[in-house]
Structure formats: structure tokens, C-alpha cells
2 protein chains.
Amino acid sequence: MTAIQDADSRPRGTRLPRLARRNQLLGAAQEVFVAQGYHAAAMDDIAERAGVSKPVLYQHFPGKLELYLALLDQHCEALVAAVRTALESTHDNKLRVAATVDAYFAFVDDHGGAFRLVFESDLTNEAAVRDRVERVAETCADAVSKVIAEDTGLGQDEAMLLAIGLTGMAQVTARYWISKGVAIPRDTASKLISTLGWRGISRFPRRDETPAG
Amino acid sequence: MTAIQDADSRPRGTRLPRLARRNQLLGAAQEVFVAQGYHAAAMDDIAERAGVSKPVLYQHFPGKLELYLALLDQHCEALVAAVRTALESTHDNKLRVAATVDAYFAFVDDHGGAFRLVFESDLTNEAAVRDRVERVAETCADAVSKVIAEDTGLGQDEAMLLAIGLTGMAQVTARYWISKGVAIPRDTASKLISTLGWRGISRFPRRDETPAG
DNA sequence: CTGCACGCCGATCTTGACCTCCACGGCTGT
DNA sequence: ACAGCCGTGGAGGTCAAGATCGGCGTGCAG
């Protein structure tokens with residue numbers, strides 16, 4: 001909860017090296033943005049959370065938007081990297097699906113709720129934010145679609161749509177799972193969804209399936 | 001595009017019956033909210049778009065939030081109704097999946113982009129909005145989960161997670177499809193996703209599918 | 001010991017958006 | 001036809017939040 005207190009145990013007025021201060025500010029900003037969203041989060045709140053005054057925020061970041069984008073970029077890259085790693089972790093497509101789905105669950109589970117910035121941002125009207133968020137989704141789905149297209153012979157457009165469906169399903173279910181206070185173990189939920197996805201995608205080469213429902 | 005002009009062809013100063021004026025304001029507000037999001041939309045913009053002045057807005061709605069909620073409620077109910085209708089349209093589960101998926105595609109395709117209010121709201125930090133949006137997702141998923149639980153014997157929690165996955169997949173793919181300028185015909189996209197979903201869910205009764213994972 | 005430099009804080013400014021007050025013009029009753 | 005009324009319009013108040021300036025305390029060189 002209050003991970004900041006560890007980095008700034010003295011209540012106020014501590015002199016910090018520049019980089020340490022910056023990281024501390026990023027941590028505080030993330031907590032506030034995650035808890036309140038971009039619009040409801042005030043720079044005063046972030047400064048107070050970090051135990052500093054407002055001017056220091058502006059000595060490290062030009063403005064609220066840049067502060068937000070710094071955090072967003074950080075976690076976007078983390079998600080893309082996690083999905084890439086999952087896809088490259090094996091050549092067995094079933095395991096690939098399981099690893100990728102679990103990457104979403106892990107992403108939602110860790111990072112101190114940072115998934116809210118990537119998946120539930122309230123600043124998607126800002127072009128810079130929208131670009132990043134869409135780019136993440138498309139990058140991940142594109143990596144998946146390559147595998148799909150290769151193994152099914154479907155066209156790129158259709159493979160991409162399926163990939164969006166699978167990654168979107170993983171994202172939505174992971175968010176639902178975390179929002180429900182982890183009533184189901186992560187393992188169980190992740191496996192259930194990866195099974196759903198795998199059963200959906202695995203028989204796609206053949207045009208017409210459903211042999212007696 | 002400018003559907004408002006039809007309802008208000010006289011440029012300014014037209015006396016309108018109360019309900020007609022209200023509906024016209026709702027239409028104008030929807031266009032602005034869809035195009036700009038809640039925060040970036042100014043009441044001045046909405047008034048100007050409707051061809052009236054600001055006070056008349058406040059004579060019909062107590063404030064910006066209530067105006068937004070009125071629109072949101074309207075379209076939330078529309079989506080829930082569409083999903084309910086789709087689920088009740090048949091007893092063949094395969095067709096049910098197809099109909100439900102297409103309900104999402106139709107919802108995204110019609111209503112003048114109103115899906116952005118339900119699926120991409122930038123006001124989810126407001127409790128009233130979050131409640132409504134989550135309630136829609138859960139209501140739809142719950143209806144689906146009932147069918148799943150009944151036909152597979154899975155527990156409610158697991159059936160619900162699967163239902164969230166299926167409805168979420170439909171929602172995400174429909175949004176992606178509409179955002180890509182309809183490069184694929186809606187029919188094709190909808191069928192592709194419903195096939196993916198049906199292949200995923202249809203063999204779920206059996207606990208263990210994979211022969212030697 | 002003492003003066004300097006540097007980073008931090010309290011207090012403030014300004015902008016912009018939501019929300020109301022004084023004049024005008026079209027409808028109704030005789 | 002004419003007077004009154006009610007809804008409309010432009011101009012303004014208020015307030016919150018992002019962005020910024022004069023003191024202060026700490027640590028070091030000489």
C-alpha cells in the first residue's frame with residue numbers, strides 16, 4: 001500500500017539525489033493516477049503523496065501530461081516485452097496461448113495496478129495517450145497474428161482480428177479477475193481462459209468445423 | 001454526420017416543444033461527447049452544436065454529469081436489451097453465440113458512435129458512471145454465464161469468467177473493427193469472431209480435453 | 001568560523017469551464 | 001390590432017487546478 005514511505009522515511013525536507021527523487025516522484029504519481037485517474041488526480045495530491053512540494057514536480061517534469069506519459073511508456077513497454085517473451089518462450093502453440101494469457105494476468109497482478117494506465121486510461125482523447133495505448137494493443141496482437149497467419153493460412157486481416165479477439169479476451173478477463181478481489185486463484189482463471197482461447201483458435205485451419213456440436 | 005441540422009433547420013431562435021427540445025439537446029450532446037469525450041467537451045460546445053444558448057441546457061438538465069448519465073443510461077439499456085434479445089432469439093447455442101457477437105457489432109455500428117460512451121468513457125472514475133458501465137458488462141456476461149453454467153455444469157464463478165471473456169472478446173473486436181474503417185465487412189468479422197468463440201466454448205463440458213498437454 | 005551555493009517550500013497568478021443575471025422577441029386574449 | 005408574458009440570448013461570477021516566484025536551511029570550501 002504505502003510503498004513510498006520506505007523510500008522517504010523522513011517526513012519532509014530530505015535532500016535526495018536527482019535520479020532517486022525522480023523515481024520517487026514517479027512512484028507517487030503512479031499511486032495517485034492509479035487510484036484516481038488522470039483528471040481527478042491533482043498535482044497537489046501527487047506532491048503531497050511524495051512528501052514534497054509542487055515546484056519540485058515541475059523541476060523534474062515539464063507538466064502533468066509528461067509525467068503521465070513517462071509512466072505510461074514505462075508500463076506499455078513492460079507489457080509488450082512480457083507478451084513478446086511469452087510468445088517466444090515455446091514453439092508449442094498451446095503453451096504459447098497459455099503463456100500469453102498468463103502474461104496479461106501477471107501484468108494486471110503486478111506493477112502496483114499500473115495496468116489501469118494502459119487498459120483503463122481516462123485520457124484516451126489526448127492523441128499522445130491514444131497512440132500509445134492503441135500501439136500496445138496492435139503490437140501485441142500483431143505478434144500473435146503472425147503466428148496465427150503462419151499456422152492457419154488465414155489472411156492478415158482475419159488473423160489480426162482473431163488476434164485482437166484473443167488478446168482482448170485475455171485483457172478483459174484479467175481485469176475482471178483482479179477487480180473481483182481474486183476470488184479464483186490466478187492460475188485457475190488463467191488456465192480457464194487459455195483453454196477457452198486455445199479451443200477457439202486451435203482448429204482454425206479447417207474452414208468448417210462443428211462436427212455434431 | 002450532422003443529423004442535428006435536420007431537427008433544427010432554422011438556424012436559431014426556434015421555439016420547440018419541451019420533449020423535442022430535450023431530445024435535440026441529447027442528440028447534440030451525444031455528438032460532442034462522442035467526438036471529444038466527457039472532459040474535453042464543454043457545455044458551450046454542446047449548446048452551440050444544438051443551436052441554443054447555455055441556459056436552456058440547464059433548464060433541461062441539472063448539470064453536465066446528469067446530461068452525460070442520461071445518454072449513458074439510454075445506450076446501456078439498448079445494449080443490454082440487444083444482448084438479451086440475441087440470447088433469447090434461439091435455443092441453438094451456436095446461433096446464440098453468433099447472434100450475441102453480432103449484437104455487439106451492431107451496437108458499435110449504429111447509435112452514432114454511442115458505444116464510445118459505454119465502452120470508452122473517460123469518466124470511469126465517477127462512481128455513477130463506473131457503476132453503470134460495470135453493471136452493463138456484468139449483466140450481459142451474467143446472462144451468458146447462465147447459459148454456460150446450465151450447459152456445461154461449470155460453477156458460477158468459472159462460467160462467469162468465461163462469459164466475461166466471450167463478451168469482452170466481442171466488444172474488443174467490434175471496437176477494433178469499427179476503428180479500422182470497416183476494412184472487413186461486418187458480416188465477415190462478426191462470423192469470424194463468433195466462430196472463434198463458439199469453437200472455444202462449445203467443447204467445455206468435458207473437464208479435460210487435451211490428450212497429453 | 002563564515003560566506004556561498006543549491007535545492008526546497010509557502011504563497012500566488014492565471015486560465016478555463018461550469019453555472020446564473022439583465023435585455024429582447026414572438027405568442028395570446030380581447 | 002395591441003399589450004402582456006415567457007422563453008431566449010449574451011455577458012459575467014466563482015472556483016478549482018495547473019503552473020510559478022521570493023525566503024530558508026543545509027552542507028562545504030577556504
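Listed in residue order, the members of residues 32-46 of chain B having a heavy atom less than 4.0 Å from DNA chain D come to none.
At whole-Å resolution of the value, CD in B:Gln24 and P in D:dT8 are 11 Å apart. Going from atom CD of A:Glu48 over to atom P of C:dC9 covers 12 Å, rounded to whole Å. Rounded to an integer number of Å, the gap from CZ of A:Phe61 to C1' of D:dG18 is 16 Å. If you measure from atom CG of B:Leu65 to atom C1' of C:dC19, you get 14 Å, rounded to the nearest angstrom. Between the CG atom of A:Leu25 and the C1' atom of C:dC8 there is a distance of 12 Å, rounded to whole Å. Residue B:Leu67 contributes atom CG, which lies 16 Å from atom P of C:dA17 at whole-angstrom precision.
Each of D:dG18, C:dT20, D:dT20 was ranked by its minimum atom distance to the side chain of A:Lys64; first place goes to D:dG18. Listed nucleotides C:dC9, C:dC19, D:dT20 differ in distance to B:Tyr58; the shortest reach to its side chain belongs to C:dC19. Each of C:dT12, C:dG10, D:dT8 was ranked by its minimum atom distance to the side chain of A:Lys54; first place goes to C:dT12.
For D:dG7, neither phosphate oxygen OP1 nor OP2 lies less than 4.0 angstrom from any side-chain nitrogen or oxygen of B:Arg21.
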Only pairs under 3.5 Å count here: list side-chain donor-acceptor contacts from residues 115-128 of chain B, not counting sequence neighbours, and write none if there are none.
| unit_1 | atom_1 | unit_2 | atom_2 | d |
| --- | --- | --- | --- | --- |
| B:Arg116 | NH1 | B:Glu120 | OE1 | 2.7 |
| B:Glu120 | OE2 | B:Arg175 | NE | 3.0 |
| B:Ser121 | OG | B:Tyr68 | OH | 2.8 |
| B:Ser121 | OG | B:Leu123 | N | 3.1 |
| B:Asp122 | OD1 | B:Tyr38 | N | 2.9 |
| B:Asp122 | OD2 | B:Tyr38 | N | 3.1 |
| B:Asp122 | OD2 | B:His39 | N | 3.3 |
| B:Asn125 | ND2 | A:Asp122 | OD2 | 2.9 |

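By the side chain to side chain donor-acceptor pair (under 3.5 Å) test, A:Asn93 pairs with A:Arg96, A:Asp151, sequence neighbours left out. Under the side chain to side chain donor-acceptor pair (under 3.5 Å) criterion, A:Ser190 pairs with A:Asp102, sequence neighbours left out.
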Would you tabulate the nitrogen or oxygen pairs shorter than 3.5 Å linking the protein to nucleotides 5-7 of chain C?
| unit_1 | atom_1 | unit_2 | atom_2 | d |
| --- | --- | --- | --- | --- |
| C:dC6 | O2 | A:Arg15 | NH2 | 3.2 |

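Atoms OG1 and CG, on A:Thr100 and A:Leu166 in that order, are 9.0 Å from each other to the nearest 0.5 Å.
Sorted by first and then second residue, the pairs that involve residues 75-91 of chain B and meet side-chain hydrogen bond (donor to acceptor under 3.5 Å, both in side chains), not counting sequence neighbours, are B:Gln30-B:His75.
Among all heavy-atom pairs drawn from B:Gly63 and B:Tyr58, the shortest one is CA-CE2, 4.1 Å. Taking both residues in full, the closest heavy atoms of A:Gly168 and B:Val172 are given as CA-CG1, 3.9 Å, listed atom of the first, atom of the second, then distance.
A salt bridge does not link B:Arg49 to B:Asp45: none of the charged nitrogens lies less than 4.0 Å from a carboxylate oxygen.
Side-chain atoms of A:Thr173 and A:Tyr104, non-hydrogen and from C-beta on, never get closer than 4.5 Å to each other.
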